[in-house]
Participant: 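Sharing a structure below in structure tokens format, with a few things to ask.
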Amino acid sequence: MLDLVNLRKTFNPNTINQKIALDGVSLHLDDGDFVTMIGGNGAGKSTLLNAIAGVWPIDDGKVIIDGNDVTSLSEHQRAPWLGRVFQDPMRGTAATMQIIENLALAKRRGQKRGLKPGVTKPEKDEYKALLATLGLGLEDRLTSKVGVLSGGQRQALTLLMATLNKPKLLLLDEHTAALDPRTAEKVLQLSNQIITENRLMTMMVTHNMKDAIRFGNRLIMMNEGRIILDIKGEDKAKLTVRDLMDEFAKASGEELANDRALLS
Amino acid sequence: MNISSLLSALPGAIAQGLIWGVMAIGVYLTYKVLDIADLTVDGTMATGGAVCVMMMLNGANLWLALLCAVLAGMIAGLVTGLFHTAMGIPAILAGILTQLSLYSINLAIMGFKANQGINVRNYHLLVTSRNVKVLGLNNPILVMIIVTAILIGVLYWYFGREIGAALRATGSNEHMARAQGINVNRCKIIGLMISNGIVALASALYAQYQGAVDVNMGRGGIVIGLAAVIISSVIFGKIFHNFALKLLGVSLGAVIYYIVIQIVLWLGLNTNMLKLLSALVVAIFLAIPYWKGKLSKSKSSKEVRNA
């Protein structure tokens with residue numbers, strides 16, 4: 001379960017660059033909910049994910065994950081509950097470390113890191129089997145440095161790392177936006193598969209309306225730091241891109257001028 | 001300029017190189033592993049010697065004195081780490097502040113004298129320049145090879161542990177480290193403490209080797225450490241991939257540095273110009289990867305234009 005209570009965040013307060021990024025966002029998610037999030041640039045989608053992850057303190061409100069109020073916890077302290085994949089493929093993995101070392105780091109998320117071995121022998125077979133499910137041939141490159149992988153391979157690996165420990169909440173922040181269309185589709189399908197197989201509570205930000213409709217059981221549209229649309233279950237299954245654009249125009253009083261959304 | 005005078009100076013250069021190699025391994029840990037340029041080491045490179053020599057002059061056992069020297073270095077690293085993480089001071093400035101305060105502290109440790117001697121005839125020292133041409137177990141080159149091997153072994157073990165992997169992740173990608181629940185501030189502090197502890201050990205050994213500690217002993221130390229790291233990555237970068245071998249490469253880098261210095265001095269360079277030479281050499285080697293990057297970029301953009 002996730003409860004967001006009236007989250008508020010203003011960047012650069014009392015300056016000429018003041019920006020109200022979150023303007024009282026409240027949201028309740030049940031276990032197994034897979035929410036897709038859309039909205040124009042600067043609508044607050046990524047900001048919301050960062051607020052949940054604790055990248056910076058919020059001005060007001062509460063973040064409650066699985067009954068634990070994590071509002072006052074820092075980013076690394078919240079990590080045990082969260083799996084995260086970022087837009088930038090460089091961000092989610094340590095380039096100068098081996099594939100197996102990256103996975104081992106993720107495996108120990110939420111645990112105290114002491115003087116036990118960084119990677120154990122039984123883990124090797126486990127990771128090999130896991131990597132084989134990606135179908136990218138990474139299972140034979142366990143000791144390769146992550147830096148030599150392609151963006152798509154790195155995102156797939158990050159996804160694996162984020163879901164290795166079955167996080168309470170998976171945060172996907174436009175994680176396919178930097179990939180070429182074919183790779184993006186592959187990573188999306190993989191995400192969907194992992195999420196549905198493990199019934200992971202997930203929030204996925206996307207710029208692609210079709211993907212937002214295609215995946216998940218709930219869709220949220222944000223604008224100017226607020227949730228302006230929240231569609232679940234049956235209604236979501238019937239949604240079309242046209243519906244979404246009309247809804248956006250109605251709710252925000254402006255046209256959704258997003259080439260990427262229109263063209264895809 | 002006869003070659004025998006150079007040859008007779010080589011054992012000394014090698015011994016000094018090995019001692020500074022220990023220091024350079026400390027620099028490697030912050031500069032390469034943690035991705036922090038830590039200038040604390042210029043101060044720590046005198047602190048370790050000051051603590052060790054003063055304790056031994058006051059009757060302490062060699063090993064206890066060495067241990068306390070290491071601890072003193074670790075405290076210096078802790079201070080820089082706190083300046084950086086708890087007070088939000090940029091790492092490079094945090095190091096400079098600690099380094100500056102260490103100048104006063106080092107003088108205080110040395111009883112407000114700029115240097116303190118320790119004579120190998122009256123004290124049991126681990127390394128001394130007097131034995132540099134002695135064939136035996138007390139030869140400083142042999143002792144330093146053993147010290148370096150033990151140090152590399154311990155570090156290789158440590159950085160293969162969970163906490164060591166967390167440190168490497170912190171230096172490689174902070175975002176990723178945080179997302180994996182790693183307390184990056186804690187890791188940086190631990191890394192700075194380990195690094196400065198090692199530098200202080202090198203300092204204590206260097207003071208013993210010279211038979212004296214000088215408050216200016218560490219001045220420009222970071223440049224020598226960086227030179228060793230860079231020489232190592234230029235010469236051994238392509239062949240040494242294992243972490244232990246990389247540390248070995250750094251130690252060899254320092255030895256090569258001291259041999260080159262010896263040759264330059266033999267060729268007649270004024271000793272006082274050495275620091276200028278070191279700085280210029282390091283500057284050029286630091287620039288090489290940048291120039292290479294620029295070159296390949298302009299090359300590839302040319303190719304695009306041709307296409």
Side-chain angles (χ1 to χ4, degrees), chain A residues 49-50 53-56 73-98 100-120 123 143-147 154 157-158 161-162 164-165 167 170-171 173, chain B residues 28-36 85-86 88 153-191 193-194 229 232-233 237-247 249 289 293:
Chain A
L49 259 49
N50 285 337
V55 175
W56 19 250
L73 298 186
S74 59
E75 195 176 352
H76 73 267
Q77 289 171 319
R78 297 186 197 189
W81 290 283
L82 302 174
R84 291 161 71 195
V85 185
F86 313 94
Q87 177 173 355
D88 180 359
M90 304 299 139
R91 238 178 168 195
T93 43
T96 57
M97 297 176 77
Q98 299 169 357
I100 188 170
E101 289 177 322
N102 272 272
L103 284 161
L105 281 167
K107 180 85 181 172
R108 287 157 181 75
R109 187 175 60 228
Q111 292 171 19
K112 214 176 136 18
R113 290 166 208 264
L115 291 176
K116 280 183 279 180
V119 189
T120 61
E123 281 180 86
T143 55
S144 294
K145 295 273 160 68
V146 170
R154 280 181 83 158
L157 178 62
T158 312
M161 288 163 61
L164 203 52
N165 281 351
L170 178 64
L171 301 174
D173 190 357
Chain B
Y28 178 88
L29 293 183
T30 44
Y31 184 68
K32 282 283 185 184
V33 178
L34 270 188
D35 199 19
I36 291 175
T85 59
V154 171
L155 289 175
Y156 182 74
W157 174 82
Y158 182 82
F159 281 90
R161 307 285 105 184
E162 290 176 347
I163 179 72
L167 253 74
R168 286 189 288 139
T170 299
S172 180
N173 184 349
E174 262 189 58
H175 294 292
M176 177 269 194
R178 269 194 231 105
Q180 301 307 339
I182 293 167
N183 185 343
V184 296
N185 283 346
R186 196 166 140 255
C187 282
K188 285 181 188 175
I189 292 175
I190 293 174
M193 288 176 72
I194 294 174
V229 170
S232 148
S233 70
K238 289 256 156 56
I239 45 174
F240 285 0
H241 293 294
N242 176 288
F243 186 68
L245 287 179
K246 281 184 181 170
L247 296 181

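Just so you know, these numbers use all the heavy atoms, side chains as well, and skip hydrogens, waters and symmetry mates. Chain letters run A, B, ... following the sequence lines, proteins first, then strands; residues in each count from 1.
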Participant: Quick one: pull up NE2 in B/His241 and OG1 in A/Thr143 and give me the separation to the nearest 0.5 Å.
Facilitator: 11.5 Å

Participant: Which atoms of B/Phe159 come close to chain A, meaning under 4.5 Å heavy atom to heavy atom: side chain ones, backbone ones, both, or neither?
Facilitator: neither

Participant: Of the backbone (N, CA, C, O) and the side chain (C-beta and beyond), which part of A/Thr96 lies under 4.5 Å from a heavy atom of chain B, both, or neither?
Facilitator: both

Participant: As a quick check of understanding, evaluate side chain to side chain contact (heavy atoms under 4.5 Å, CB included) for B/Arg161 and A/Leu115, giving each step before the final call.
Facilitator: CA-CA 5 Å; B/Arg161 307 285 105 184; A/Leu115 291 176; 4.1 Å; yes

Participant: How would you list all residue pairs meeting salt bridge (Lys or Arg N to Asp or Glu O under 4.0 Å) that involve residues 84-98 of chain A, not counting sequence neighbours?
Facilitator: A/Glu75-A/Arg84

Participant: So which atom in B/Ala179 and which in A/Ala79 form the shortest heavy-atom distance, rounded to 0.1 Å?
Facilitator: O-CB, 3.5 Å

Participant: Measuring from atom CG of B/Asn173 to atom CE of A/Met97, what distance do you get when rounded to the nearest 0.5 angstrom?
Facilitator: 10.5 Å

Participant: Hey, what do you get for CE (B/Met176) to CE (A/Met161), rounding to the nearest 0.5 Å?
Facilitator: 3.5 Å

Participant: If I take atom OG from residue B/Ser172 and atom CG from residue A/Asn102, how far apart are they, to the nearest 0.5 angstrom?
Facilitator: 7.5 Å

Participant: Find the distance between NE2 (B/His175) and OG1 (A/Thr93) and round it off to the nearest 0.5 Å.
Facilitator: 12.0 Å

Participant: Find out whether B/Ile182 and A/His76 are in side-chain contact, i.e. whether some heavy atom of one side chain is under 4.5 Å from a heavy atom of the other.
Facilitator: no

Participant: Within the side chain of B/Glu162, is there an N or O that forms a donor-acceptor pair under 3.5 Å with the backbone of A/Gly114?
Facilitator: yes

Participant: Where does A/Ala53 contact chain B at under 4.5 Å (heavy atoms): side chain, backbone, both or neither?
Facilitator: neither

Participant: Hey, is CZ on B/Phe240 packed in by over 12 heavy atoms from elsewhere, all under 6.0 Å?
Facilitator: yes

Participant: Output all residues satisfying salt bridge (Lys or Arg N to Asp or Glu O under 4.0 Å) with B/Glu174, sequence neighbours left out; order by chain, then residue number.
Facilitator: B/Arg178, B/Lys188

Participant: If I measure from the heavy atoms of chain B, does A/Pro117 come under 4.5 Å with its side chain, its backbone, both, or neither?
Facilitator: both

